[in-house]
Amino acid sequence: MQSHWETNFDVANNIVSNIASNAAVNGAIADSAEPKLRLSQGQLNLLESCPRKFQHIYLEQLGSPSTPEQQAHQSWGSRFHLLMQQRELGLPIDAIMAEDAQMQHCVSTLLAAVPEIVGLATPSDATWRQSEHRRTCSVQGYPITVIYDLVMLEEQQARILDWKTYPRPPQQNWLAHNWQTRLYPFVLAETSAYLPEQISLTYWFVQAQDDPTKAPLPQSLTFPYSSTWHEQTRQELTQLLQQLTDWLEQYQQGEPFPQVNVAIERCDDCQFSGRCQRHSSDLEVAPVADWLVNLDRIDEVML
């Protein structure tokens, strides 16, 4: 029978092996003679939502300035993620939080709601955890990269925690279909020895109350992973990336990416509606309403 120390040592070795395996994947991708586009959940969401918009933003590097409100929200979200990472690293954050009462409230209530973050409810001494943990796997030759706000790896389970600085969506199905929810556990399962059933993804919405007269309180939403979901994600990802390969080949020959059906009514709120000749006759400049791109930019912060 193994001692407690020996069990912890074996678990630590498994975790280190998983990290080394993922590093090897990153190195193989970097050494590729003709590396393909490096993709994240943000690009996949946009590609699935509107291929033509993907072309404009990621291939042609086009865009429009964010509104002051969007810039303020992005800045606040980036600072929140930075504070959570600094806290995980053991760096002092009280002085920084004292400058922003809303930030202080959101961080304090989140830490109170999730004892695991503070380390008060760690299941065992063998838990390995890291903030802003980056992983990459290759699918159809495309490097797929994820960045976990906090990952906690134990012998029999792996938990991914993600901080959201916008209110919780009213419909869970919308978030379940988002590529972040599908991709984060998928990549962990592909780059580690964990079974899909041992993996979970939990979103924490730190400003879950959208009523300005009340203080926000954190709310969570957990998605347990499964083998069935893993294979479904693999099929959907493979199909989408095959489409991307075909569209890229056609794009090199002068054919643009496909447009969405105008009947879906997404175009009037898109900053590229004029370029795509899809805006209303009385709309000279389309308002910027880029939820997918802006939200992804806030929550997947590279530090």
Side-chain angles (χ1 to χ4, degrees), residues 15 18-19 22 25 39-46 48 77 80-81 84-85 88 110-111 113-118 121-123 127-137 139 144-208 218-237 240 291-292 295-303:
I15 292 172
N18 289 335
I19 298 172
N22 186 60
V25 172
L39 302 172
S40 69
Q41 48 98 1
Q43 283 95 330
L44 293 178
N45 277 321
L46 187 56
E48 189 173 65
F80 179 86
H81 281 77
M84 293 301 294
Q85 185 186 25
E88 184 67 22
L110 178 63
L111 295 178
V114 194
E116 297 94 326
I117 303 178
V118 189
T122 302
T127 300
W128 182 90
R129 49 193 287 163
Q130 187 177 67
S131 177
E132 299 297 325
H133 179 66
R134 181 189 184 101
R135 279 181 177 257
T136 300
C137 73
V139 181
I144 308 294
T145 299
V146 299
I147 302 174
Y148 304 137
D149 288 342
L150 180 64
V151 63
M152 304 177 69
L153 305 181
E154 302 163 28
E155 184 176 9
Q156 296 297 326
Q157 67 172 334
R159 292 179 291 168
I160 305 166
L161 279 68
D162 191 84
W163 323 131
K164 293 299 182 190
T165 55
Y166 56 86
R168 174 175 170 171
Q171 295 183 351
Q172 181 174 335
N173 290 339
W174 177 86
L175 195 56
H177 187 69
N178 188 281
W179 268 109
Q180 181 176 10
T181 307
R182 292 184 277 175
L183 202 61
Y184 274 30
F186 176 85
V187 172
L188 184 55
E190 289 290 302
T191 58
S192 72
Y194 289 104
L195 299 175
E197 285 74 14
Q198 296 175 317
I199 299 173
S200 66
L201 167 63
T202 298
Y203 292 110
W204 277 97
F205 300 89
V206 300
Q207 298 191 76
Q219 295 180 7
S220 66
L221 189 58
T222 297
F223 292 90
Y225 206 41
S226 68
S227 297
T228 301
W229 196 359
H230 188 67
E231 291 308 313
Q232 179 182 346
T233 300
R234 186 194 306 280
Q235 294 175 11
E236 293 169 346
L237 183 57
L240 182 60
W291 262 67
L292 284 176
L295 291 182
D296 292 330
R297 188 158 51 225
I298 293 170
D299 288 318
E300 200 169 79
V301 179
M302 190 63 182
L303 301 174

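Computed from heavy atoms alone, side chains included, the values below leave out hydrogens, waters and symmetry copies. Predicted model only: the values in this text are computed from it and were never measured.
Of the listed residues (I144, I160, T233), just one forms a side-chain contact (heavy atoms from CB on, under 4.5 Å) with V187, and that residue is I144.
In this structure, NE2 on H133 lies 12.5 Å from CG on D149, to the nearest 0.5 angstrom. One distance of note links CG of L183 with SG of C137; it measures 7.0 Å at 0.5 Å rounding. Remark: I199 CD1 to S226 OG distance equals 10.5 Å, nearest 0.5 Å. Of the inter-residue distances, the one linking Q235 atom CD with H230 atom NE2 reads 11.0 Å to the nearest 0.5 angstrom. Distance check: R135 CZ to T191 OG1 gives 4.0 Å after rounding to the nearest 0.5 Å.
No hydrogens or angles considered: a donor-acceptor pair under 3.5 Å links the side chains of T145 and T136.
Put simply, the side chain of E88 reaches to within 4.5 Å of the side chain of R129, judged on heavy atoms. Counting only heavy atoms from C-beta outward, the side chains of V146 and R134 never approach each other to under 4.5 Å. Residues V151 and W128 are in side-chain contact: their nearest non-hydrogen atoms beyond the backbone lie under 4.5 Å apart. Side-chain contact check for W163 versus L110: some heavy-atom pair is nearer than 4.5 Å.
Pairing each heavy atom of T181 with each of L175, the nearest pair is OG1-O, 2.6 Å. Across every non-hydrogen atom of Y194 and Q157, the tightest pair is CE2-O, 3.7 Å. The minimum heavy-atom distance between L221 and F205, with the atom names listed, is CB-CE1, 4.1 Å. When all heavy atoms of Q180 and Y203 are compared, the closest pair comes out as CG-OH, 3.5 Å. The heavy-atom pair separating W229 from A176 by the smallest distance is CZ2-O, 4.0 Å. A pairwise comparison of heavy atoms in W179 and E48 identifies NE1-OE1, 3.3 Å as the closest pair.
Proximity of a side-chain donor or acceptor of Y184 to a complementary backbone N or O of Y148 within less than 3.5 Å is not detected.
Here E236 pairs with R182 under the salt bridge (charged side-chain N to carboxylate O under 4.0 Å, His left out) rule; sequence neighbours left out.
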Worked verdict on R234 versus E190 for salt bridge (Lys or Arg N to Asp or Glu O under 4.0 Å): CA-CA 10 Å; R234 186 194 306 280; E190 289 290 302; 2.8 Å; yes

Are I117 and W204 close enough, and set up right, to give a side-chain contact (heavy atoms from CB on, under 4.5 Å), and what steps lead you there? CA-CA 12 Å; I117 303 178; W204 277 97; 5.6 Å; no

Should R159 and L188 be marked as a side-chain contact (heavy atoms from CB on, under 4.5 Å) after you check the CA-CA gap, both sets of side-chain angles, and the distance that decides it? CA-CA 10 Å; R159 292 179 291 168; L188 184 55; over 6 Å; no

